[in-house]
Amino acid sequence: MINEKKVRFIHTIKGLKTQFNNAFKEEPTDVFSSPGRIELLGNHTDHNHGKVLVSSVNLNILALTRKRDDGKVVYHAKGYRKIKININDLSLKESEYGKSDGLIRGVLFKMKELGYNIGGVEISSKTTIFKGAGVSSSAAFEVLIAKVINYYYNEDKIDAMTIAKIAQFAECVYFNKPCGLLDQSGISLGGVNYIDFKSVEEPIVKTMQFNVKKYDIVLTNCVDSHDKLTYLYSKIKEDMALLSNYFNKEYLRQVRAKEFFEKKEELIDKFGLDVFNRGKHYFEENKRVEQAYKCILNNDEDGFVKCINDSGESSFYQLKNCYVNSIEENLPQGILKSKEYITSGSVRVHGGGFAGTILAFVNKKETKEYISKMKEMFGEHNVKQIYLAKYGTRHIGKIENILEE
């Protein structure tokens, strides 16, 4: 019996091999994959040492690679300029803020700083992560670079969480975009992961293989751009810092929930209701993560999906990261319409918010109609059904072996 999935994969590898040949005039030797991720629960908790549920998904960056001995990391993706980074020049460059060049340079710098070996490689890739998917394509890229260097120069011995931290550093410092560790962790680890960031240095990680059977997972890109919204993401972190500092703590995780809620009136009087509600969201979201984790262990799909829906409600009305100025914007309208279309399931903002993506768990009986309605709103290519994935960023194998199978 023909394995159609495998046939499609081999076809993709052959096409990517031609792309590599054209870009480098050499033969690739290895195949790597770096998935996107979805934040199941834990919206804006990781940067305050909170708890999250994150999973890799079946959207990914597929890359062919080859080691090179001239100390240069050269990255090629069809339709984009070729990036060349010399491992002897790893200083921070403000001109590379927001660019892939900065991500590569940042990964190399941090690996070297931590005492790991670095060296030259050439990479050619293609991606199934559609634009605006909100599944963290930048983190998938960073983790891929670190994994390739790990494989060629460190005997693939650097653990997945260390690779995630290296990638996070690159994004925060060399890409100049503040972020917690959720994105990179989910991508590097693979599978469904419960992560407690009480200690960022040594987070508690519990990896599970879990998939919903009664529901389909749908991502909708609401078209609006995340560009120029960094200040809004930073404001959430700053508001939470106001609250934690009131208790003479650096992070909300260090504040006891009971004490926080006992000071409700004082906090509202000093900082305003919106700031207080962001703290309230933090504490309640941590509880939802715990509850959802228990649902996974008990195979309680309905309870798990309810936790996701409750998280969406809290993000919309307490965290307030679903629009910039008005609920007439695309993202909030997409969420509100989704609530009309989905009678059994859940819907929530995905990731950082303010623009971007909706995550929906839809009862299989309603999936077809829901996807149709969302495509009417946002376009054919901005709605995609996805699946939770088993693997994180990995070396799939030697290309000669894969093509011989």
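- Ring to ring, Phe141 and Tyr75 are close: their centroids are under 6.0 angstrom apart.
- Between Glu96 and Lys99 there is no salt bridge, since no side-chain N of the basic residue sits under 4.0 Å from a carboxylate O of the acidic one.
- Thr343 contributes atom OG1, which lies 12.5 Å from atom OH of Tyr370 (distance to the nearest 0.5 angstrom).
- Looking at Asp239 and Lys320, no side-chain N of the basic residue comes within less than 4.0 Å of a carboxylate O on the acidic one, giving no salt bridge.
- Other residues, nucleotides and ligands contribute over 12 non-hydrogen atoms within 6.0 Å of the NZ atom of Lys398.
- Screening Thr393, Val107, Asp183 for a side chain to side chain contact (heavy atoms under 4.5 Å, CB included) with Val143, the sole residue that qualifies is Thr393.
- Classification of Lys364 and Asp216 as a salt-bridged pair holds, one side-chain N sitting under 4.0 Å from a carboxylate O.
- Defined by atom type and a distance below 3.5 Å, a donor-acceptor pair is present between the side-chain atoms of Ser124 and Gln19.
- Aromatic ring orientation, Phe276 versus Phe261: perpendicular (interplanar angle above 60°, classes split at 30° and 60°).
- Contact detail for Val255 and Ser244: the closest heavy-atom pair is CG2-CA, 4.2 Å.
- Comment: Glu284 does not engage Lys287 in a salt bridge, judged by the lack of any side-chain N to carboxylate O separation of less than 4.0 angstrom.
- The shortest distance between side-chain heavy atoms of Ile396 and Phe9 falls below 4.5 Å.
- Atom CD of Glu340 is surrounded by more than 12 heavy atoms from other residues, nucleotides or ligands within 6.0 Å.
- Taking 4.0 Å as the cut-off between side-chain N and carboxylate O, Lys373 and Glu376 do not count as a salt-bridged pair.
- When each of Ile195, Ile296, Leu182 is checked for a side chain to side chain contact (heavy atoms under 4.5 Å, CB included) with Leu53, only Ile296 meets the rule.
- When all heavy atoms of Gly106 and Ala170 are compared, the pair lying nearest together is C-CB, 3.7 Å.
- Partner Asp101 forms a salt bridge (Lys or Arg N to Asp or Glu O under 4.0 Å) with one of Arg81, Lys93, Lys84 and no other, that one being Arg81.
- Using a 4.0 Å cut-off between charged nitrogen and carboxylate oxygen, Lys157 and Glu155 count as a salt-bridge pair.
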The test is side chain to side chain contact (heavy atoms under 4.5 Å, CB included); show your working for Arg278 and Gln318 and say whether it passes.
CA-CA 6 Å; Arg278 283 182 162 171; Gln318 294 189 146; over 6 Å; no

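- Put simply, the side chain of Thr127 gets close to the backbone of Ile129: a donor and an acceptor are under 3.5 Å apart.
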Worked check of side chain to side chain contact (heavy atoms under 4.5 Å, CB included) between Arg105 and Asp89
CA-CA 8 Å; Arg105 204 181 302 273; Asp89 179 15; 3.8 Å; yes

Yes or no on ring pair (Phe, Tyr, Trp, His ring centres under 6.0 Å) for His49 and Tyr251, after CA distance, side-chain angles and deciding distance?
-> CA-CA 7 Å; His49 294 235; Tyr251 302 105; 4.0 Å; yes

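- Cation-pi geometry between Lys82 and Phe24 is met: under 6.0 angstrom from the ring centre, within 45 degrees of the axis.
- Salt bridge Asp302/Lys214: present, at least one basic N to carboxylate O contact under 4.0 Å.
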Exercise for review: Verify side chain to side chain contact (heavy atoms under 4.5 Å, CB included) between Tyr246 and Glu266, making sure each step is shown before the conclusion.
Suggested key: CA-CA 10 Å; Tyr246 179 83; Glu266 293 176 34; 2.6 Å; yes

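- Side-chain atoms of Ser311 and Glu285 form a donor-acceptor pair, as typed in the model, at a separation below 3.5 Å.
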Start with the C-alpha gap between Lys72 and Ile87, add the side-chain angles, then the distance that decides, and say whether side chain to side chain contact (heavy atoms under 4.5 Å, CB included) holds. CA-CA 6 Å; Lys72 293 179 181 177; Ile87 65 170; over 6 Å; no

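- By the 4.5 Å heavy-atom criterion applied to side chains, Phe197 and Ser185 are counted as neighbours.
- Closest heavy-atom contact between Gly345 and Tyr215: CA-CE2, 3.7 Å.
- Proximity of Asp156 to Asn154: side-chain heavy atoms (C-beta onward) are nowhere separated by under 4.5 Å.
- Of all heavy-atom pairs spanning Ser346 and Asn309, the tightest one is CA-OD1, 3.3 Å.
- Electrostatic pairing of Asp196 and Arg253 counts as a salt bridge here, judged by a charged N lying under 4.0 Å from a carboxylate O.
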*Apply ring pair (Phe, Tyr, Trp, His ring centres under 6.0 Å) to Tyr97 and Tyr174, showing your working.*
CA-CA 6 Å; Tyr97 283 172; Tyr174 276 64; 8.6 Å; no

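- Counting only heavy atoms from C-beta outward, the side chains of Ile145 and Leu103 never approach each other to under 4.5 Å.
- The number of heavy-atom neighbours closer than 6.0 Å to CD of Glu369, taken from other residues, nucleotides and ligands shown, is 12 or below.
- Of all heavy-atom pairs between Ser315 and Asn43, the closest is OG-OD1, 2.8 Å.
- Side-chain N/O atoms of Ser314 and Arg348 include no donor and acceptor closer than 3.5 Å.
- Shown here is Glu202, whose CD atom has no more than 12 heavy atoms of other residues, nucleotides or ligands within 6.0 Å.
- Here Lys206 contributes atom NZ and Met208 contributes atom CE; the two are 8.5 Å apart, rounded to the nearest 0.5 Å.
- In summary, the aromatic rings of Tyr153 and Tyr116 are positioned with their centroids too far apart to meet the 6.0 Å limit.
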Side-chain donor-acceptor pairs under 3.5 Å in residues 56-69, sequence neighbours left out?
residue, atom, partner, partner atom, Å
Ser56, OG, Gly191, N, 3.0
Ser56, OG, Ala389, O, 3.1
Ser56, OG, Tyr391, O, 3.1
Asn58, OD1, Tyr387, N, 2.8
Asn60, OD1, Thr128, OG1, 3.4
Asn60, ND2, Ser33, OG, 2.7
Thr65, OG1, Tyr152, OH, 2.7
Arg66, NH1, Glu27, O, 2.7
Arg68, NE, Asp70, OD1, 2.9
Arg68, NE, Asp70, OD2, 3.3
Arg68, NH1, Glu122, OE1, 2.8
Arg68, NH2, Asp70, OD2, 2.6

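- Judged purely by distance below 3.5 Å, without hydrogens or angles, the side chains of Tyr323 and Gln333 never pair a donor atom with an acceptor atom.
- Between Glu313 and Lys339, at least one side-chain N (NZ, or NE/NH1/NH2) sits under 4.0 Å from a carboxylate O, which counts as a salt bridge.
- For the pair Leu252 and Gly279, the tightest heavy-atom approach, listed with the atom from each and the gap, is CD1-CA, 4.0 Å.
- Centroid-to-centroid, the aromatic rings of Tyr282 and Phe260 stay 6.0 Å apart or farther.
- Here the two rings, on Phe354 and Tyr233, have centers that are under 6.0 Å apart.
- Side-chain atoms of Thr12 come within 3.5 Å of backbone N or O of Arg8 as a donor-acceptor pair.
- Salt-bridge annotation for Lys51 and Glu290: present, with a side-chain N of the basic residue lying under 4.0 Å from a carboxylate O of the acidic one.
- Taking the six-membered ring for Trp, Tyr151 and His395 have ring centres closer than 6.0 Å.
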